[in-house]
Enquirer: 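Quick one: structure below, then a few questions.
Quick note on labels: first sequence line is chain A, next is B, and so on, each numbered from 1. Atoms considered below: every heavy atom in the structure, side chains included; atoms not considered: hydrogens, waters and symmetry mates.
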Protein chains: 2
Amino acid sequence: VTEDIAYSRLYFGPWYRRSPFFEATRRAGAKAYDIYNHMYLPGLYDDAETEYEALLHDVTVWDVSVERQVEISGPDGFKFADFITPRDLTKCDVGQGKYVVITTEEGGIINDPVLIRLEKDRFWLSLANSDTLLWCKGVAVHSGLDVEIQEPDVSPIQIQGPKSKDVLNALVGPKVLDLGYYYFLETKIDGIPVVITRTGWSAEIGYEIYLCDGSKGEALWEKVFAAGKPYKIRATAPSEIRRIEAGILNWGSDITLDNNPYEVGLGWLVDEDKKADYIGKEALARIRKAGVQRKLVGLEIAGDKIQVWLDRYWDVLADGKKVGHLTALTYSPRLKKNIGYALVPVAHAKLGSRLTVKTPKGDRAATVVRKPFVDPKKDLPKS
Amino acid sequence: VTEDIAYSRLYFGPWYRRSPFFEATRRAGAKAYDIYNHMYLPGLYDDAETEYEALLHDVTVWDVSVERQVEISGPDGFKFADFITPRDLTKCDVGQGKYVVITTEEGGIINDPVLIRLEKDRFWLSLANSDTLLWCKGVAVHSGLDVEIQEPDVSPIQIQGPKSKDVLNALVGPKVLDLGYYYFLETKIDGIPVVITRTGWSAEIGYEIYLCDGSKGEALWEKVFAAGKPYKIRATAPSEIRRIEAGILNWGSDITLDNNPYEVGLGWLVDEDKKADYIGKEALARIRKAGVQRKLVGLEIAGDKIQVWLDRYWDVLADGKKVGHLTALTYSPRLKKNIGYALVPVAHAKLGSRLTVKTPKGDRAATVVRKPFVDPKKDLPKS
């Protein structure tokens with residue numbers, strides 16, 4: 001559907017790892033892959049709008065094994081996990097998860113994983129695209145904490161869309177329907193060990209099934225598709241359209257190591273009253289007091305559907321001068337608007353600010369608007 | 001030339017960074033890219049054998065801006081750098097470089113960069129494909145050392161092949177001809193700040209030019225091609241054929257976090273008499289004493305040219321059972337042989353051991369042989 005999409009060729013090689021579902025995604029017709037955490041992430045099967053419609057109305061399966069897990073365990077597991085994030089993990093029960101940021105001493109965002117607490121002192125971080133295993137192992141070296149940091153054999157898939165409840169119910173029974181947002185359960189699907197979380201990257205109703213035995217990828221994939229058949233289940237990529245409508249951020253483009261949580265609207269992941277020390281605490285307090293210099297804002301871009309794929313950051317101008325850059329762009333079929341995010345100085349971040357986006361096919365007027373562009377489902381509170 | 005190459009589509013996106021030479025590589029005809037350190041690495045322009053011939057006989061230019069630098073500086077810069085590698089950096093002068101491994105407490109290899117010492121307490125690590133910046137920043141947190149860790153605006157290109165001396169001489173004059181292997185100089189090319197190192201990933205005569213101002217990529221590229229025109233300079237990808245002939249290893253396939261230096265033939269990067277403490281010292285001493293369980297060996301694989309690209313690790317069998325895996329494979333046009341590396345138990349690692357490689361088109365007999373397959377140039381000692 002998008003006329004002008006820039007792409008190249010990606011050779012498979014032994015330097016990238018394959019997910020337990022890789023062959024299944026090939027059979028299901030994946031025709032593009034991204035490289036994410038040194039693995040292949042299916043990037044497109046059909047076209048983006050068809051996949052979006054399936055997500056809105058039915059149920060979709062995403063191979064996101066690239067969400068590698070960092071397991072933190074050992075006698076000081078809690079202390080360590082609590083030390084690497086600004087969220088107060090005393091408020092995270094065993095069986096519960098939290099969306100967190102992992103920050104540097106300067107307050108920069110290393111990653112924005114979903115953290116789940118499996119035991120009092122055992123946690124998993126479900127990673128975005130950076131080698132946060134290395135960060136954690138590095139921090140552990142001199143920490144004086146008795147902790148083990150490793151990557152377990154765990155590979156998640158996301159089951160997203162309104163019919164996901166029916167699929168999960170068919171797979172593991174009604175206990176899954178009682179799961180609160182960001183809670184999880186450990187169970188088996190016909191003997192295959194899994195963790196099921198009530199999470200997702202779509203703002204639709206959804207779950208993730210963490211496969212806990214990499215040799216069972218084909219078997220799990222088949223069972224999921226068998227259970228989903230009555231609901232028109234299909235394999236898709238994560239939906240850029242839907243996640244941008246929802247104001248969900250992508251680490252690596254909307255968020256980078258160069259950003260602090262306050263700049264990108266993730267200040268709510270910094271618990272100001274957290275008593276324990278953690279990496280970045282001083283810097284974040286300083287930034288909070290001083291205020292940020294720039295902000296990631298929602299943009300509505302005027303005119304017809306932009307037919308060019310956002311292949312890099314595009315310049316954002318004010319009064320003819322570059323002031324920032326566009327980090328995300330999509331056309332929302334239901335809003336019938338071009339929407340996206342831009343990182344701009346606070347002077348240009350107010351709602352209603354008028355900006356210009358430099359597209360490869362000419363300049364477009366743009367206006368700063370509120371995110372999310374589409375209200376999240378009522379049963380999806382922040383967590 | 002290779003009949004059966006597995007590849008897919010890679011969409012460009014704002015989540016991958018572009019090198020200062022990216023547009024130049026597109027114009028030069030790069031038709032495939034890898035993702036490496038979150039950036040695009042040109043993977044092929046022409047065909048692999050044509051590019052190999054240019055490297056052997058003329059001179060080639062590789063955009064390896066993906067070799068991101070970690071800069072270690074500050075009053076304790078030396079102490080920190082010396083603490084993260086088993087090499088004894090008291091033996092590395094200012095102006096000199098070393099090939100090093102960065103190791104975990106367990107002795108696993110995080111990265112195998114070229115380290116250069118710019119000042120007494122200032123170093124750069126020129127990285128292979130892992131977020132070693134995060135490792136270093138993590139280690140620094142509790143280290144008690146007064147050190148700054150950052151990624152500078154530095155983007156290397158490699159100029160490799162017998163005519164590279166002529167090109168460098170034309171660019172910066174004869175002082176470059178005096179550079180010893182793994183030494184470097186800081187200079188300017190028509191005002192463009194660069195560091196020139198006598199290093200490379202080809203075992204041919206070669207240099208790297210580290211561009212120290214990302215806004216000058218186009219200008220530097222043009223100057224290099226102008227200087228190289230009499231020598232038939234051309235843009236190519238790093239040559240898999242040549243580097244495998246030379247026994248050079250690739251982090252991410254031949255070396256992973258799961259390997260210690262002794263397993264992969266990098267024991268010479270562990271200075272056994274190093275007095276200072278460093279991360280992994282105890283583990284490496286233990287491994288050295290106990291001996292390794294497996295080894296990365298050279299393999300000669302019988303029969304005609306294997307027409308299938310190594311798209312993943314292939315199984316290596318002994319007596320019909322899987323004992324290891326093939327990490328690298330190429331056909332050497334001058335040896336007229338299929339050669340590669342395999343990680344196998346020590347029981348199967350002796351020279352002359354007979355093994356079987358499971359290719360997608362049937363089993364092939366293989367023999368363990370010495371690496372490198374082609375002798376390195378006499379003026380390229382280990383360093």
Enquirer: Chain A heavy atoms under 4.5 Å from B:Asn250: which part of the residue, side chain, backbone, both or neither?
Expert: side chain
Enquirer: Output the distance between atom CG (A:Asp131) and atom CG (B:Asn37), rounded to the nearest 0.5 Å.
Expert: 8.5 Å
Enquirer: Which value, rounded to the nearest 0.5 Å, describes the distance between A:Phe12 atom CZ and B:Arg312 atom CZ?
Expert: 10.0 Å
Enquirer: Rounded to the nearest 0.5 Å, what separates atom CD in A:Glu151 from atom CG in B:Asp258?
Expert: 10.5 Å
Enquirer: Quick check on B:Leu133 against chain A: is it the side chain, the backbone, both or neither that has a heavy atom closer than 4.5 Å?
Expert: side chain
Enquirer: Rounded at 0.5 Å granularity, tell me how far CD1 in A:Ile279 sits from NE2 in B:His142.
Expert: 6.0 Å
Enquirer: For B:Arg26, is it the side chain, the backbone, both, or neither that has a heavy atom closer than 4.5 Å to a heavy atom of chain A?
Expert: side chain
Enquirer: Between CH2 of A:Trp15 and OG1 of B:Thr327, what distance do you get to the nearest 0.5 Å?
Expert: 10.0 Å
Enquirer: Could you grab the distance from atom CD1 of B:Ile35 to atom OH of A:Tyr16, nearest 0.5 Å is fine?
Expert: 6.0 Å
Enquirer: Test B:Ile149 against A:Glu105 for side chain to side chain contact (heavy atoms under 4.5 Å, CB included), laying out the working first.
Expert: CA-CA 11 Å; B:Ile149 313 287; A:Glu105 290 184 290; over 6 Å; no
Enquirer: Side chain, backbone, both or neither: which part of B:Glu106 has an atom under 4.5 Å from a heavy atom of chain A?
Expert: side chain
Enquirer: Would you call the rings of A:Tyr11 and B:Trp309 parallel, tilted or perpendicular, taking 30° and 60° as the class edges?
Expert: tilted
Enquirer: Given that the side chain runs from C-beta out, which part of B:Leu257 has a heavy atom under 4.5 Å from chain A: side chain, backbone, both or neither?
Expert: side chain
Enquirer: Go through the atoms of B:Asn129 and report whether side chain, backbone, both or neither lie under 4.5 Å from a heavy atom of chain A.
Expert: both
